[in-house]
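What follows is a set of notes on a single structure, which appears directly below.
Quick note on labels: first sequence line is chain A, next is B, and so on, each numbered from 1. In this text the structure is predicted, and so the values were computed from the model without any measurement.
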Amino acid sequence: MTSENQLKRLPRDFFKRTTEGIAKDLLGRSLVRRTKKGDMITKIIETEAYLGPNDKACHTYNYKKTKRTKTMYERPGTIYVYLIYGMYHCLNVITEPKGEPCAVLIRELYPIDGIELIKENRSVKIGKNYKNLMDGPGKLCMALDITKEKFNGKDACDPKSKLFFAEGNPANPSEIKAYKRIGIDYAEEDKDRLLRFKIEK
DNA sequence: CCTGCGATCGTCT
DNA sequence: GACGATCGCAGGA
């Protein structure tokens with residue numbers, strides 16, 4: 001099932017654009033995790049945009065700078081992984097020109113190849129259509145063995161990177177649906193913005 | 001130093 | 001549908 005496009009790494013310029021556009025453009029693309037045992041190849045089917053200084057849901061609202069958010073000020077294409085609820089990781093990629101601390105959160109993936117490797121990382125029961133395998137930001141990090149120790153601050157555009165975004169089969173704009181973002185009730189007037197994007201598998 | 005809590009998940013009812 | 005797990009980080013003293 002693997003096609004050539006699923007390993008063609010997206011270049012830096014892809015990430016050097018507006019965050020909302022990238023969040024949509026990442027749908028249908030591939031996320032590839034390279035390990036000694038083999039490649040795990042997935043299709044991105046849900047994302048969220050976090051618009052930095054202008055977005056109360058974002059860690060860098062008002063250009064806030066802390067140890068954790070340091071990664072968000074790196075150049076586009078940088079991987080931002082942080083720990084949430086003391087036990088789960090969330091995977092993001094930095095967007096916009098360097099210094100504009102914006103990011104796209106990867107929320108859901110569908111497996112394409114290396115499925116046995118992916119399943120080995122998940123102890124729960126996997127339902128039909130791989131339901132439960134990678135349908136959440138914490139789950140997909142477990143499934144692909146993504147931790148902040150391994151990937152936070154790493155460059156997804158570096159040809160040697162073990163985690164990267166690839167060409168894949170970009171979604172047609174007509175199949176993309178927009179929703180409110182999840183788990184950001186504290187974000188006041190920004191909590192209802194339609195910055196979550198999904199496609200069907 | 002001390003406190004409160006989160007861009008979540010799995011289990012149980 | 002509800003809830004507990006679990007800890008690094010942020011903010012304040």
Side-chain angles (χ1 to χ4, degrees), chain A residues 15 18-27 31 42 44-74 76 78-96 100-111 118-154 156 163 165 176-199:
Chain A
F15 300 101
T18 65
T19 307
E20 193 173 335
I22 294 167
K24 294 180 200 168
D25 199 355
L26 277 173
L27 296 173
L31 179 68
T42 66
I44 299 170
I45 61 177
E46 183 177 343
T47 61
E48 276 179 4
Y50 283 85
L51 307 185
N54 309 309
D55 179 2
K56 286 186 176 174
C58 191
H59 294 159
T60 52
Y61 175 64
N62 210 10
Y63 287 104
K64 186 160 83 163
K65 265 193 179 164
T66 65
K67 190 175 163 194
R68 178 174 70 163
T69 63
K70 190 165 161 270
T71 308
M72 290 204 47
Y73 292 84
E74 297 298 322
T78 300
I79 294 164
Y80 174 42
V81 181
Y82 65 90
L83 189 67
I84 187 68
Y85 297 107
M87 37 179 144
Y88 302 111
H89 291 277
C90 288
L91 169 67
N92 302 253
V93 61
I94 303 306
T95 56
E96 313 264 348
E100 281 305 307
C102 304
V104 172
L105 169 70
I106 309 301
R107 285 198 62 90
E108 183 169 358
L109 301 172
Y110 190 75
I118 295 171
K119 278 186 176 172
E120 281 176 25
N121 293 325
R122 298 277 298 140
S123 53
V124 292
K125 270 210 163 146
I126 308 303
K128 282 203 172 65
N129 224 342
Y130 300 108
K131 178 80 185 144
N132 234 20
L133 187 58
M134 298 185 285
D135 61 338
K139 295 180 191 180
L140 69 90
C141 284
M142 289 186 255
L144 299 184
D145 186 29
I146 296 168
T147 62
K148 67 177 169 35
E149 289 77 15
K150 286 181 184 171
F151 288 107
N152 185 42
K154 295 278 162 52
L163 179 64
F165 299 87
I176 299 174
K177 291 180 185 165
Y179 304 84
K180 294 176 186 177
R181 292 175 292 180
I182 303 282
I184 53 154
D185 286 347
Y186 56 85
E188 301 178 3
E189 73 269 23
D190 288 327
K191 77 180 168 60
D192 293 328
R193 297 174 77 177
L194 298 176
L195 292 173
R196 179 159 66 104
F197 305 102
K198 290 177 74 163
I199 55 170

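Glu149(A) has its CD atom 13 Å from the P atom of dC7(C), to the nearest Å. dT8(B) atom P lies 8 Å from atom CD of Glu48(A), rounded to whole Å. Taking atom CD1 of Ile146(A) as the reference point, atom P of dT8(B) lies 16 Å away to the nearest angstrom. The distance between atom CG of Asn62(A) and atom C1' of dA10(C), rounded to the nearest whole Å, is 16 Å.
Between Arg68(A) and dA10(C), a side-chain N or O to OP1/OP2 separation shorter than 4.0 Å is present. At least one side-chain nitrogen or oxygen of Lys64(A) sits closer than 4.0 Å to the OP1 or OP2 atom of dG11(C). Here Thr66(A) reaches the OP1 or OP2 of dA10(C): one of its side-chain N or O atoms lies under 4.0 Å away. Between Arg122(A) and the phosphate of dG10(B), there is a side-chain N or O to OP1/OP2 separation shorter than 4.0 Å. Between Arg196(A) and dA7(B) there is no side-chain polar atom (N or O) within less than 4.0 angstrom of OP1 or OP2. Between dC5(B) and Tyr186(A), no contact under 4.0 Å exists linking OP1 or OP2 to a side-chain N or O. Contact annotation: Lys139(A) reaches the phosphate of dG10(B) (side-chain N/O to OP1 or OP2, under 4.0 Å).
Annotation: Phe15(A) is in aromatic contact with Phe165(A) [ring centroid separation under 6.0 Å].
Using modelled atom types, one side-chain atom of Thr60(A) and one backbone atom of Pro101(A) make a donor-acceptor pair closer than 3.5 Å.
For Tyr82(A) against dA7(B), a side-chain-to-base donor-acceptor contact under 3.5 Å is present.
Tyr61(A) is not listed as a side-chain neighbour of His59(A), based on a closest heavy-atom distance of 4.5 Å or more. Counting heavy atoms from C-beta on, the side chains of Ile184(A) and Asp190(A) never come closer than 4.5 Å.
A residue-by-residue look at Ile84(A) and Met142(A) shows that Ile84(A) has its nearest nucleotide of DNA chain B further toward the 5' end. Mapped onto DNA chain C by nearest heavy atom, Tyr88(A) and Lys148(A) fall at different nucleotides, with Tyr88(A) at the one closer to the 5' end.
An aromatic stacking contact between Tyr85(A) and the base of dG6(B) is absent, as defined here by ring centres under 5.5 Å apart and ring planes under 30° from parallel.
In the model, Asp135(A) has no side-chain atom that pairs as donor or acceptor with a side-chain atom of Tyr110(A) under 3.5 Å.
The pairing partner recorded for dT6(C) is none, the criterion being a Watson-Crick or G-U wobble arrangement whose two distances lie under 3.5 angstrom.
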